[in-house]
Every structure is written in C-alpha cells, then in structure tokens.
Amino acid sequence: MCGVVGVAAHEPVNQILYDALTMLQHRGQDAAGIVTLQDGRLYLRKENGMVRDVFLNSHMLKLVGKFGIGHVRYPTAGTSSSAEAQPFYVNSPYGITLAHNGNLTNAESLAKELYEEDRRHLNTDSDSEVLLNVLAHEMQNLDKTHPKPADIFEAVTAVYGRIEGAYGVVALITGHGLLAFRDPNGIRPLIFGQRLADNGGTEYMVASESVALTGSGFTIIRDVRPGEAIFIDLNHQLHSKQCVEPKEYTPCIFEYVYFARPDSIMDNISVYKSRLRMGEKLGQKILREWGEDHDIDVVIPIPDTSRTSAMELALKMNIKYREGFMKNRYIGRTFIMPGQQQRKKSVRQKLSPVPLEFKGKNVLLVDDSIVRGTTCYEIIQMARDAGAKNVFFASAAPPVKYPNVYGIDMPVRSELIASGHSVEEVRKIIGADRLIFQDLDDLIEAVKDTKHSKVEGFDCAVFNGCYITGQINEAYLEHLQEQRSESAKNGVEVIADTPVDMMGVEEF
C-alpha cells in the first residue's frame, strides 16, 4: 500500500505536500518523494526512509513551485531499493512525473509492449514506471504542442484501455497542470478537495485519504469516481471527465479493516464507524459461539488499528476494556517492514505489556486481522510472560487465505497462516487458548453504508479469492509467488549505481 497526494496552490506547495505525506505516513514507510513544478522545470527529492528523514530543510528550500505531487511507499515485490522510490519521471513528451498507489496486474506484458512496440526504456521493475510510460506514450500520440484538457482526457482514456488492476494516480504534466485518475472499480482510494487561498483564488488537493486534505485546511469536494480523471490547469481551473464507464463500484475492504486512518472518510464511508461496527459484530459472534459463560476477564487491543473495534466489542459484551500493551512509536510497522525475521524481531521492541492488566486474568486480545501469524504468536507469548492465566484471541477480520494482487503486500498463500489451515489449526500454531474470526458477511455489513455511499460492494479477494477485475488465474498467482516470496525479496538485487539522465528535472 502507498499514499499519493497532488496539490495545485497559489503559494509554494513544499510544506503542504510534506504535511500531507506525514498524514499519509501510515500507508508506507519504505520511501518518500516530492516533485514540484516551477517555470517549466521540475524539482525532485526522493529517497528511502520516513518523510521526516527524507526531507531535510535544505531539500525543502529547493522544492520550489506552486504545483506538486508526493508519494509514500512500501514495496510489494522485489527490493526496497531507492531506485523504485516515487515519483517517477520521463522527459518526453512535455516532461511528466507520476506517483501511483495500487498494482497493475498486466504490468509484465505492458513492459514488453513498451519496449517492443512503443520503443520505451524502463529503468526499474516498478509497475508505476510502466504506468508512467504508458501515459507518456498516449500523450505523445496526441501529437500536440499545446494539448487542451479534452486532449489530456483522450490520452487518459487510451491509458485505461491498456492497463488492468487497481490504481490511484497523480501526475504533473510540465507546462500544463496536475492530473489524477482512478481505476474503474474504485479499488484504490482517491479523494479531492479545495480551499480558499489568501489571494482569493481556489487551491486544490487530491490524495489517497481525506485526512491529508482536512489536515491542511482543505474542504472535501468528493471522491474521484471510478474510471474518472480530473485535471487542474496552471490557471487553477478544475476539469473532470468520466473517461471510461465505471465497473462495479468495489473499493478494497481491507482499507477499512487495517490501512486507512480511523478518522478518514473513504468513498463516503467512515472508517471509524466501520471499525466500531466490526467490534459490535465480533462481540455478537463471541456471545453466540462462546456463550455468556465465556470466562473473559478483560479485553485488550493490539495497538493501534484494532483499538476502535476492541472498545466496541468490550462494550457489547459488558467486559472491562484495558490498554495492556504500550507501543514504542519509533519502531516501524511490522506489516510493512520487509523480511519475516525482521518482523518477528521487531514485535518485542515495538510493544511492551503492562503486567498489572495480565496477571492471573483470562485475557481476550483483539487484532484487526491475522496475516502470517508470526506477530500473533509473539504477542500471545508476551501476554503469558506477563502472567495471563489464559489468552484468547479475536480477529476483527475473517481468515486471510489469498494473496492480494491490487497493491497490498499480502504474501503468497504459503505464507498466509489461514491458507490451508482450519481455525483450530491456526489456534494451535499461534498458541492461543481460544481463537475466533469475524465472518465475512458480518464484515461487509459492518463496512457498507447504504445511506451515504454509492458503493455497490467490496473487493474481498484476500478473504474469498474472488478477484474483482477478473483475469487472475492460477498461473498469475504462481508467478506472483515467485516475485513476492521472502526468498525472492532477499535474493533479488536492483542495480542502480549508474545515474539516469534526468533532463528537465533537478533531483537532489
């Protein structure tokens, strides 16, 4: 998962982009990048690391201009080389730079097309660079020195015709403006808003989550519609077009389970309310299956994303809720950190139990989901070491059984603990005395908001194996396994010692 942001302002955008990326930091901690536009020249800074570490004061001073885009990244395949940090840039035509959240499921065949038919060179294994070059090629086909918004939308329509998968995209077209578009199913989120500038003009921001907008004083206009593109020209005029007919409106349900901040509104659905209802539904299931004599003394969340669900679960079951784990906020999120051993090692550095809340008690630990199970095992052992009498475990999401192909680093099936194992087998592996998962129907019911949202359903592929975009077969998943396996991540090396000619963009 990644986070993207684009800003068209009447003042320098470097600080606005920095603040927005900080608000989106939870979506990726591997790398960060910002590119700004001024007087027909692009200024780029990107590197591995957190936002606060990538952008020093000296870098911020060089990021001049009133238009810009930014990106925070974590890797879904290959390595975490800085060569794959975004935004990416091509100098022809015009000079285009692009940042992308999601995954193109036909990236490999597109890369071959780009080389053999479009005569375009790719410098990395990133599907985002593939997407950028497809866009650049279609813009080149316009054969216009001064394309109008309608021409740009024509190029984007052609891009839609070539790419498959899930994507939320922001791009700068030098000399023309800021472009953003979203996949036809709306799997990956993208929202835009506006605010009044000091000079009385209108400024715009488009981002992966609403918190990036509201944190900088922008008022939400709406979500970018599936299959829609928006363009803000250099005169700050907003243009939009439904470039392709939207397919079934099915955002990724895992955004609401785990990735999005609880204070975000995505596709007109409150993440916070969704997680409250997840806790309520899970509490109801526990009472149904474990009965009133469940023997639970205290409910304790695994910080941070499960906190909202755990509170509502405890309220529903009339059980004490306690903060039993203290989090060291200067350790990276284990889900995002590459490498199984590194994830395992980081758990005890990241969380510390409060013995008072565990000693002699039957504890129900609540987490948002169980993916590999390594973290769950370590946390359960920590609870026992702190003196817990029995440790029960509840997941606010159903068992994760299938890999994600739409931009989330859900590993291959062989690394998913629930794939090929029953609930009882998973319980034994993670060392819990009892284990319970949310039902998928209950999760969908918890997230959907028929009153305010036009969402028709959700991408639930990681739970049910139904890939919304189609064209995902066993051969594709086997190829994905080769790319994503831990051994592949440890064994692949991207050679990026030779600097690339960046005509028209200043990188520092």
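Heads up: numbering here begins at 1 and tracks the sequence.
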Does [Y] offer a backbone N or O that forms a donor-acceptor pair with the side chain of [X] under 3.5 Å?
X	Y	value
E129	T124	yes
H137	V134	no
H236	D233	no
H71	H100	yes
N185	I187	no
N404	G407	yes
N106	R162	yes
R27	A260	no
Q438	A396	yes
N101	G168	no

Going by heavy atoms in the side chains, are [X] and [Y] under 4.5 Å from each other?
X	Y	answer
K247	T469	no
L172	L178	yes
T36	L17	yes
Y272	R261	no
E209	M266	yes
F153	F181	no
E323	R307	yes
L104	Y167	yes

| request: For the pair E154 and K144, evaluate salt bridge (charged side-chain N to carboxylate O under 4.0 Å, His left out) and give the outcome as yes or no after the intermediate values. | output: CA-CA 12 Å; E154 179 185 334; K144 294 186 178 182; 5.6 Å; no
Please tell me whether [X] and [Y] have a donor and an acceptor in their side chains that are separated by less than 3.5 angstrom.
X	Y	answer
Q140	S92	yes
Y249	D267	yes
Y467	T105	no

Any chance you could measure [X], atom [atom1], to [Y], atom [atom2], to the nearest 0.5 Å?
X	Y	atom1	atom2	answer
I468	T250	CD1	OG1	4.0 Å
D19	T22	CG	OG1	6.0 Å
T174	I96	OG1	CD1	8.0 Å
F88	L132	CZ	CG	8.5 Å
L110	K112	CG	NZ	12.5 Å
I253	S274	CD1	OG	8.5 Å

| K46 and E507: salt bridge (charged side-chain N to carboxylate O under 4.0 Å, His left out), yes or no, with the steps? | CA-CA 8 Å; K46 60 178 182 176; E507 185 174 5; 5.1 Å; no
Which pair of non-hydrogen atoms, one from [X] and one from [Y], has the smallest distance, and what is that distance?
X	Y	result
S210	I265	OG-N, 2.8 Å
V72	A32	CG1-CB, 4.2 Å
Y402	F463	CE1-O, 3.6 Å
F325	P301	CD1-O, 3.9 Å
R277	A446	NE-O, 2.5 Å
S208	C2	OG-O, 4.2 Å

| request: Test I269 against F458 for side-chain contact (heavy atoms from CB on, under 4.5 Å), laying out the working first. | output: CA-CA 12 Å; I269 297 173; F458 298 94; 4.1 Å; yes
| task | In plain terms, say whether E11 and R195 are close enough for a salt bridge, that is, a side-chain N and a carboxylate O under 4.0 Å apart. | result | yes
| said: Closer than 4.0 angstrom, basic N to acidic O: yes or no for R275 and E312? | reply: no
| task | Apply side-chain contact (heavy atoms from CB on, under 4.5 Å) to L190 and F192, showing your working. | result | CA-CA 7 Å; L190 202 62; F192 70 103; over 6 Å; no
| salt bridge (charged side-chain N to carboxylate O under 4.0 Å, His left out) assessment of E84 paired with R73 | CA-CA 9 Å; E84 296 193 5; R73 172 187 186 266; 3.1 Å; yes
| query | Only one of D183, V169, D459, V4 clears side chain to side chain contact (heavy atoms under 4.5 Å, CB included) with R188; which? | reply | D183
| task | State whether F231 and K148 meet the cation-pi test: NZ (Lys) or CZ (Arg) under 6.0 Å from the six-membered ring centroid, and within 45° of the perpendicular axis. | result | no
| query | Checking side-chain contact (heavy atoms from CB on, under 4.5 Å) for the pair Y89/V35: CA distance, chi angles, key distance, verdict? | reply | CA-CA 9 Å; Y89 167 81; V35 62; over 6 Å; no
| said: Would you say the rings of H176 and F67 are close, in the sense that their centroids are separated by under 6.0 Å? | reply: no
| field | Check against side-chain contact (heavy atoms from CB on, under 4.5 Å), K62 and R45 | value | CA-CA 9 Å; K62 295 178 183 177; R45 167 63 182 170; over 6 Å; no
| said: Is it the case that over 12 heavy atoms from other parts of the model lie below 6.0 angstrom from the CD atom of Q38? | reply: yes
| field | D143 atom CG, neighbour heavy-atom count above 12 within 6.0 Å | value | no
